[in-house]
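Reviewing the structure listed below.
Predicted model only: the values in this text are computed from it and were never measured. Remember, it's 1-based here, ligands and their atoms both numbered in the order they're listed. By convention here, the first residue in the shown sequence is residue 1.
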Amino acid sequence: MSLVVTNIGELITNDPERGVRRDAAVVVDGDEIVWVGDSAEAPAADLRLDADGAAVLPGFVDSHSHLIFAGDRAAEFGARMAGERYTGGGIRTTVEATRAASDDELRRSARRLASEALRQGTTTLEIKSGYGLSVADETRSLRLAAELTEETTFLGAHVVPSEYADRGADEYVDLVRGEMLEAAAKHAKWIDVFCDRGAFDGEQARAILKAGAERGLGLRVHANQLGPGPGVRLAVEMGAASADHCTHLDDADVDALAGSDTVATLLPGAEFSTRSPYPDARRLLDAGITVALATDCNPGSSYTTSMPFCVALAVREMGLTPTEAVTAATAGGAAALRRTDLGRISPGARADLIVLDAPSHLHLAYRPGVPLIRHVLQHGAPR
Ligand code: NIG
Ligand code: FE
């Protein structure tokens, strides 16, 4: 089945050869984009979607989410907004609820969030485990995540679970890089470690990432969210695809990222929900670093599935222009997942695109909080 989208007022291609086009059309065949050009010259197709002068952009690539969990932590959020600090300690509350939930409860909740994300233009979603923290519960989380996406990430090293409090972190690290990794790896493409205060230190994180790499998984790191630390430099040293959060960076961290192909993934929903200072996205872009924007959707630090919300925050609070923020939310996410078929509208790319209820991508930040996604095409299918 082929489909042509005509009368596109503004087409954001993220393709250096094509740039931003006016009065454009896009043809998709099956799940692939096959033609991009002037609307007046668009070839016929089985189906026709008239964009009526609206803006069209690649579907959002949300390269960082934690969708497999049960329960919520609204009370914790309320307390924070009344002055409490975020420490990550609440992760264990979600672990308890997640372990107690049935497969179907977890599946229903994750599906609801994934379809919420899709309605807001997210056509690719990375999903992490990390609220199971036992061999069986991490494996199950990843099995359920794999029902929703091919971009699955093993985050057994989220925190040390309470049953290991007496035995010590190193014993848990051995479990994660041994038996847990062995079981989880069959459902995971990536491995991630929360390398931060109250979670895992540089040496522990290195050991876990090394085991993951040996098992054939790609690397990602939760780095420098709660304070300065070794996470970002470790991510670069180990060739991770992405260092995520990057809230507290010093010059050496920025230099390391600048000389690497590790993407800096920024998660402004987390700063919003933990009332923390935002990362300096301007500084990263000016240093030539590839920046991605993602939601970090989780019940503790960022309970949003909305990429448009993250775009608006990045513009208002992190010094990005609307164009840079949209690039980070699309091509940036694709780079963070090392996917060359996503985040662009050009022949050969996957047919994931969104038609806005607006004439320009500027409206995503200009009209914050307004539902501006009129149509979503995912794998070539209208959703
Ligand atoms: O990315 N930083 C670590 N993990 C999540 C938060 C998890 C939670 O609070 O439940 C994050 O922000
Ligand atoms: Fe996260």
Short side-chain donor-acceptor distance under 3.5 Å, S276 and T274: yes

May I ask you to check whether H245 and N224 show a side-chain donor-acceptor distance below 3.5 Å? no

Looking at ligand 1, is there an atom of it that comes within less than 4.0 Å of some heavy atom belonging to N298? yes

Are any of the heavy atoms in Y86 under 4.0 Å away from ligand 1? yes

Check this for me, if you would: do [X] and [Y] make a salt bridge, where the nitrogen-to-carboxylate-oxygen distance has to be below 4.0 angstrom?
X: K210; Y: E214; result: yes
X: D15; Y: R18; result: yes
X: R282; Y: E324; result: yes
X: R80; Y: E76; result: yes
X: E138; Y: R140; result: no
X: E150; Y: R350; result: yes

Could you check [atom] against the protein and tell me its nearest heavy-atom contact, residue, atom and distance included?
atom: atom 11 (C) of ligand 1; answer: D296 OD2, 3.1 Å
atom: atom 5 (C) of ligand 1; answer: H158 NE2, 3.7 Å
atom: atom 2 (N) of ligand 1; answer: Q225 OE1, 2.6 Å
atom: atom 12 (O) of ligand 1; answer: S301 OG, 2.5 Å

Could you pull out the N/O/S protein atoms under 2.8 Å of the Fe ion (ligand 2), ignoring any water? H64 NE2, H66 NE2, H222 NE2, D296 OD1

With heavy-atom distances below 4.0 Å as the criterion, list the atoms of ligand 1 near I91. 7 (C), 8 (C), 9 (O), 10 (O)

Under 4.0 Å from any heavy atom of Y131, which atoms of ligand 1 are there? 7 (C), 8 (C), 10 (O)

Any sub-3.5 Å donor-acceptor pair from T330's side-chain atoms to F60's backbone N or O? no

Go through it in stages, so that I can follow the logic: the residues are F272 and Y278, the test is ring-ring contact (aromatic ring centres under 6.0 Å, His included), and I'd like the CA-CA distance, side-chain angles, deciding distance and then a yes or no. CA-CA 8 Å; F272 178 90; Y278 289 86; 7.8 Å; no

